[in-house]
Amino acid sequence: MDDYWYWEIKFHIKFGDTKKNGIFTVDRKDASSAEEAQKKLMNVHKTDCSRLIEDDVETEGSELFIDGCSKVSPNFELLKPFLKGFDL
């Protein structure tokens with residue numbers, strides 16, 4: 001499991017004067033590059049923007065801004081107490 005990682009994309013969406021921050025993750029099996037991962041985020045924004053934000057905000061005319069994209073490798077030693085019963 002030490003070689004496991006995923007893409008973490010930090011973004012914000014502007015709705016007129018309102019700005020909502022968020023984090024979107026993409027498994028490495030679903031995107032082999034940062035560009036692919038960002039395209040997945042953009043697709044979700046186009047097709048189901050409400051999935052990216054918690055509040056019930058009118059998403060029409062919203063604008064997506066990507067603030068950063070990086071590979072994240074979880075520290076499974078820290079997670080072991082929460083993953084009892086899984087073979088790590």
Could you tell me if the side chain of [Y] sits less than 4.5 Å from the side chain of [X], heavy atoms only?
X	Y	answer
I9	I66	yes
F65	N21	no
S62	K14	no

**Request:** Evaluate side chain to side chain contact (heavy atoms under 4.5 Å, CB included) for F24 paired with V44, printing each intermediate quantity in order.
**Result:** CA-CA 10 Å; F24 185 76; V44 170; 3.9 Å; yes

Look up atom [atom1] in [X] and atom [atom2] in [Y], then write down how far apart they are to the nearest 0.5 Å.
X	Y	atom1	atom2	result
I23	L41	CD1	CG	12.0 Å
E63	C49	CD	SG	11.5 Å
K46	K39	NZ	NZ	10.0 Å
K10	C69	NZ	SG	11.0 Å

**Prompt:** Without hydrogens or angle criteria, can the side chains of D48 and S50 be said to hold a donor-acceptor pair below 3.5 Å?
**Reply:**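 There is such a pair between these side chains.
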
**Request:** Take Y6 and D30, measure what side chain to side chain contact (heavy atoms under 4.5 Å, CB included) needs, and give me the verdict at the end.
**Result:** CA-CA 9 Å; Y6 57 90; D30 297 327; over 6 Å; no

**Request:** Please step through side chain to side chain contact (heavy atoms under 4.5 Å, CB included) for the pair M42 and L64, ending with a clear verdict.
**Result:** CA-CA 8 Å; M42 288 184 266; L64 172 69; 3.8 Å; yes

**Message:** Is it the case that the side chain of W7 and the backbone of A31 share a donor-acceptor pair, with hydrogens and angles ignored and the cut-off at 3.5 Å?
**Reply:**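 Looks like yes, one N/O pair under 3.5 Å.
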
